[in-house]
Amino acid sequence: MHPLERHWAGRDGVTLALYPVSLLYCALARLNRIRLEASARRRPRLPVRAVLVVGNLTVGGTGKTPMVVWLCRWLQEHGYRPGVVSRGYGGRARGGPRAVTPQSDPAQVGDEPVLIATRSGCPVYVDRDRRRAARALLAHHPCDVIIADDGLQHYALGRDLEIVMVDGARRFGNGLCLPAGPLREPLGRLQEVDFRVATGTPGPGEYAMTLTGGTALALADPGHTRPLEAFRGQRVHALAGIGHPPRFFDMLRRRGLEVVPHAFPDHHAFTPGEIRFGDHLPVLMTEKDAVKCRQIAGPEHWFVPVSAVPDPALGKAILGAVQAVDRIHSTR
């Protein structure tokens, strides 16, 4: 959790004191966007049918990674060859683009890229410069669509379509930019994107997306599975080092589990002592955390994969938009 997050739901003395800094942040973000977009327009377009960006306006988890995985599979089902580029947040790798596989070390390339590579089956490359990552990806794979994970504010990468993820419960907090509020850019930015997708209850002009997960897999042997209902009424430890840990805890509680919650910062690097509690209770964690705990897990550790289930109208609309972009560029 961000140290200021408890203030972002409303406007109190702390947020008012930070409001001048928030105005400066907004102004600098706008100037940076103008500069980078101008630079992107001067560069040759990437040789693909479309570049899609998945991102959000707020700090914290909104379901971007499940959306990227769903988008990869949806495009594959309809004859496209998508590839994913990401910054690799939380990874220590430096020195240029790096390919990510399910066997990659999350400490080097980031936990989300490893999860995306595992779940999507698509080629994934990480680099702080996403355009450079995209060029490396295309040099090694015949992809015809690029998906930029968490790339909304990375304006150096030109894009054809933008998908913004929204937390349907927390929405946009007090509507202020950092540090007075949770916004990375002013709310007016929403009017410029192509698709707005809400996890939970959608607002006007938004598509709904739910996250489903009903099976736990053993970290030591992912082939060993148990339905979550098998843990019903049982006391369990629940670990979550994601953007919004309560979402995971609440999901388990809705399944009837007695949850002992353990929330960690997003992209947290776990140590053995942080995931072992010495009481032999089951320990359930998110799939994103599991990719970092594979080497230190015991028989009591389980992870719960979740999948995005968007409004069917969203898939049709995205396909139509990609086809429209492709037609425009193929006639030039």
Is Leu46 linked to Val84 within one hydrophobic cluster, defined over Ile, Leu, Val, Met, Phe, Trp and Tyr using a side-chain heavy-atom separation of less than 4.5 Å? no

Just so I know, are the side chains of Tyr25 and Arg184 near enough to count as touching, which here means a heavy-atom distance under 4.5 Å? yes

Atom pair CZ/SG of Phe172 and Cys177 - distance to nearest 0.5 Å: 12.0 Å

Let me check something: do Val236 and Val260 share a hydrophobic cluster, defined by ILVMFWY side-chain heavy atoms less than 4.5 Å apart, either directly or through other members? no

Report yes if the side chains of Arg49 and Val325 come closer than 4.5 Å at any heavy-atom pair, otherwise no. no

Check: Arg81 main-chain N/O paired with Asp144 side-chain donor or acceptor under 3.5 Å: yes

Kindly work out whether a path of hydrophobic side-chain contacts (I/L/V/M/F/W/Y, heavy atoms less than 4.5 Å apart) joins Leu183 to Val193. yes

Could you please spell out the steps behind the salt bridge (Lys or Arg N to Asp or Glu O under 4.0 Å) verdict for Glu112 and Arg87? CA-CA 10 Å; Glu112 289 167 351; Arg87 179 187 175 188; over 6 Å; no

Flag, side chain of Asp160 to backbone of Val51, donor-acceptor distance under 3.5 Å: yes

Applying side-chain hydrogen bond (donor to acceptor under 3.5 Å, both in side chains), can you list everything that pairs with Asp12, at least two apart in sequence or on another chain? His7, Thr15

Go through it in stages, so that I can follow the logic: the residues are Leu52 and Val145, the test is side-chain contact (heavy atoms from CB on, under 4.5 Å), and I'd like the CA-CA distance, side-chain angles, deciding distance and then a yes or no. CA-CA 8 Å; Leu52 288 71; Val145 174; 3.6 Å; yes

For the student: nearest non-hydrogen atoms of Gly151 and Val53, plus distance: C-CG1, 3.3 Å

Please name the pair of heavy atoms, one in Pro123 and one in Leu137, separated by the smallest distance, quoted to 0.1 Å. O-CD1, 3.7 Å

Partner of His237 by side chain to side chain donor-acceptor pair (under 3.5 Å), out of Glu300, Arg276, His262: His262

Using the test side-chain hydrogen bond (donor to acceptor under 3.5 Å, both in side chains), find all partners of Arg247 that sit at least two apart in sequence or belong to another chain. Asp167

Salt-bridge criterion met for Glu192 and Arg33 (N-O under 4.0 Å): yes

Check: Ser22 side chain, Leu18 main-chain N or O, donor-acceptor pair, under 3.5 Å: no

Out of curiosity, does Ile318 fall in the hydrophobic cluster containing Leu190 (side-chain heavy atoms, cut-off under 4.5 Å, transitive links)? no

Using only atom types and a distance under 3.5 Å, with no angle test, would you say the side chain of Arg159 pairs donor to acceptor with the backbone of Leu152? yes

For Pro186 versus Leu57, what's the shortest heavy-atom pair and its separation? O-CD1, 4.1 Å

Parallel, tilted or perpendicular: which one describes the rings of Tyr207 and Phe195, with boundaries at 30° and 60°? tilted

Mind checking the CD1-CG spacing from Ile275 to Asp289? Nearest 0.5 Å is all I need. 10.0 Å

Any heavy-atom pair between the side chains of Leu239 and Phe264 that's under 4.5 Å? yes

Would Arg35 and Tyr155 satisfy side-chain contact (heavy atoms from CB on, under 4.5 Å), going step by step from the backbone distance to the final call? CA-CA 9 Å; Arg35 177 180 64 84; Tyr155 291 108; over 6 Å; no

For Thr215 against Pro305, the heavy-atom pair lying closest together: O-CD, 3.4 Å

Which word best sums up how the rings of His268 and Phe270 line up, parallel for under 30°, tilted for 30 to 60°, or perpendicular for over 60°? perpendicular

Are any of the side-chain nitrogens in Arg171 or Glu206 under 4.0 Å away from the carboxylate oxygens of its partner? yes

side-chain contact (heavy atoms from CB on, under 4.5 Å) for Cys293 and His301? Distances and angles first, verdict last. CA-CA 9 Å; Cys293 296; His301 293 97; over 6 Å; no

Student check: side-chain heavy atoms of Ser39 and Arg43 closer than 4.5 Å: yes

Sorted by first residue and then second, give each side-chain hydrogen bond (donor to acceptor under 3.5 Å, both in side chains) pair with at least one member in residues 218-230; sequence neighbours left out. Glu229-Arg255

Does the distance from a Lys or Arg side-chain N to an Asp or Glu carboxylate O, for Lys288 and Asp266, drop under 4.0 Å? yes

For the backbone of Thr271 and the side chain of Glu274, can you confirm whether one donor and one acceptor N or O come within less than 3.5 Å of each other? yes

Is the shortest heavy-atom distance from the side chain of Val291 to the side chain of Phe303 under 4.5 Å? no

Would you indicate whether the side-chain heavy atoms of Pro47 and Leu138 approach each other to under 4.5 Å? yes

Taking all non-hydrogen atoms of both residues, which atom of Tyr80 and which atom of Pro82 are closest, and how far apart? O-CD, 3.3 Å

Roughly how far apart are Met67 CE and Ile147 CD1, rounded to 0.5 Å? 10.0 Å

For the backbone of Asp150 and the side chain of Arg130, can you confirm whether one donor and one acceptor N or O come within less than 3.5 Å of each other? yes

Can you tell me if NE2 on His78 sees more than 12 non-hydrogen neighbours from other groups inside 6.0 Å? yes

Using 0.5 Å steps for rounding, measure from the CG atom of Leu284 to the CD atom of Gln234. 9.0 Å

Taking Gly10's backbone N and O only, do any of them form a donor-acceptor pair with Asn174's side chain (distance below 3.5 Å, no angle check)? yes

So, Asp111 side chain and Pro106 main chain: donor-acceptor pair closer than 3.5 Å or not? no

How far does CG of Leu16 sit from CG of Leu176, to the nearest 0.5 angstrom? 8.5 Å

Measure across Gly60 and Asn56 and return the closest heavy-atom pair with its distance rounded to 0.1 Å. O-ND2, 3.2 Å

With side chains defined as the heavy atoms from C-beta onward, is the minimum distance between Val197 and Ile163 less than 4.5 Å? yes

Under 3.5 Å, side chain of Asp311 to main-chain N/O of Ala208, donor-acceptor pair present? no

Are Leu178 and Leu23 connected in the hydrophobic side-chain network, where two residues link if heavy atoms are under 4.5 Å apart? no

Donor-acceptor under 3.5 Å (Trp74 side chain, Gly315 main chain): yes

Salt bridge (charged side-chain N to carboxylate O under 4.0 Å, His left out) partner of Glu258, chosen from Arg232, Arg253, Arg235: Arg235

Run the side-chain contact (heavy atoms from CB on, under 4.5 Å) check on Trp70 and Met209 step by step: do they pass? CA-CA 11 Å; Trp70 172 83; Met209 184 183 86; over 6 Å; no

Determine whether Arg119 and Glu287 satisfy the following criterion, salt bridge (Lys or Arg N to Asp or Glu O under 4.0 Å), listing intermediate values before the conclusion. CA-CA 10 Å; Arg119 292 290 299 275; Glu287 188 176 16; 2.5 Å; yes

Taking atom OG of Ser86 and atom NE2 of His154, what is their separation to the nearest 0.5 Å? 10.5 Å

Polar contact flag, side-chain donor to acceptor under 3.5 angstrom, His329-Arg45: yes

Ion pair check, Arg196 and Glu162, cut-off under 4.0 Å: no

Any side-chain heavy-atom pair from Val304 and Leu228 closer than 4.5 angstrom? yes

Judged by modelled atom types alone, do Gln153 and Glu185 share a side-chain donor-acceptor pair under 3.5 Å? yes

